[in-house]
Amino acid sequence: MAKKTPIPELKHLDHVLVSETAIKRRIGVLADQINRTYRGKDLTVIAIVNGALIFTADLLRQLRTPLRLDCIRASSYHTGTQATGKPVIVDNLKLDISGHHVLLVDDILDTGNTLSAVRELIIAKGAASVRTCVLLDKKARRLVPFEAEHVGFEIPNEFVVGYGLDFNERYRNLPCIGVLKSKYYAPKL
Ligand code: IMP
Ligand code: MG
């Protein structure tokens with residue numbers, strides 16, 4: 001069998017926290033939960049991009065319920081790896097969600113600021129119900145109370161990249177979740 005070409009950025013990782021195989025397997029379990037929850041119901045999935053892009057793409061292909069997909073963008077001001085203050089929600093939803101069941105999907109639940117703001121917006125638009133699915137949950141970092149109904153992995157308080165998550169917009173294309181080597185955090189002089 002031909003050898004797989006190595007993905008260059010993997011060498012930037014100090015260690016892999018969640019492997020590609022583990023992600024794939026866990027998404028199967030999450031999809032089973034979600035399929036059970038929404039069986040016979042019409043679902044609208046709202047992905048918070050860019051971070052949730054890859055997770056959503058893989059999750060949706062395992063969902064067996066009829067669904068619609070829309071995206072919303074949220075941005076926080078960042079200093080290095082720390083988000084500061086309230087996120088700005090760019091509300092460019094194309095679908096009418098009034099009276100619809102909404103599943104919000106994001107890459108990571110960190111301080112909880114983003115998901116609680118987006119959730120409030122969805123409720124204000126009259127959704128019939130809102131549930132949340134995140135790939136990663138960094139419970140230790142919570143600043144506002146928020147629990148996701150569907151969680152892929154609880155992770156320790158480390159800054160992670162890959163599978164949609166970025167550091168300065170890089171590393172989103174890694175197939176796994178990993179912790180960057182500290183030298184890649186160092187500011188360039
Ligand atoms: P919040 O702090 O829960 O509002 O999360 C805001 C956003 O910060 C998430 O949607 C991610 O895009 C980003 N974020 C939080 N923790 C990490 C991390 O460890 N790596 C990469 N991005 C992160
Ligand atoms: Mg994000």
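These values consider heavy atoms only, across backbone and side chains, with no hydrogens, waters or symmetry-generated copies. Quantities reported herein were computed from a predicted structural model and do not represent experimental measurements. Both ligands and their constituent atoms are indexed starting at 1 by order of listing.
Summarising the contacts of atom 3 (O) of ligand 1 with G112, G51, G162, the nearest heavy atom is found in G112.
For D110, heavy-atom contacts with ligand 1 shorter than 4.0 Å involve the backbone as well as the side chain. Of the heavy atoms in D107, only side-chain atoms (C-beta onward) come closer than 4.0 Å to ligand 1.
Of all atoms in ligand 1, listed by their number and element, those nearer than 4.0 Å to a heavy atom of T114 are 1 (P), 4 (O), 5 (O), 6 (C). For ligand 1, the atoms lying closer than 4.0 Å to a non-hydrogen atom of T111 are 1 (P), 2 (O), 3 (O), 4 (O). Heavy-atom contacts of E158 reach the following atoms of ligand 1: 19 (O) (cutoff under 4.0 Å). Near D106, meaning under 4.0 Å from one of its heavy atoms, ligand 1 places the atoms 10 (O).
Residue-ligand proximity: V161 is placed with every non-hydrogen atom at 4.0 Å or more from ligand 1. Residue contacts with ligand 1 include K138, since one of its heavy atoms falls under 4.0 Å from the ligand. Contact analysis puts D166 in contact with ligand 1, with a non-hydrogen atom separation below 4.0 angstrom.
By the 6.0 Å contact criterion, NZ on K24 is open, its count of non-hydrogen atoms from other residues, nucleotides or ligands being 12 or less.
Ion pairing of K94 with D70 is absent here, as no side-chain N (NZ or NE/NH1/NH2) approaches a carboxylate O to less than 4.0 Å.
Note that CG of D91 is 5.0 Å distant from CG of L121, once rounded to the nearest 0.5 Å. We find the CG-CG distance between D137 and L109 to be 4.5 Å, quoted to the nearest 0.5 Å.
A donor-acceptor pair is defined here as one N or O able to donate and one able to accept, closer than 3.5 Å; such a pair exists between the side chain of E149 and the backbone of T132.
Under the side chain to side chain donor-acceptor pair (under 3.5 Å) criterion, Y171 pairs with H12, sequence neighbours left out. Applying the side chain to side chain contact (heavy atoms under 4.5 Å, CB included) rule to H150 yields the partners L30, Q33, I34, T37, L103, R131, C133; only residues at least two apart in sequence or on another chain are considered.
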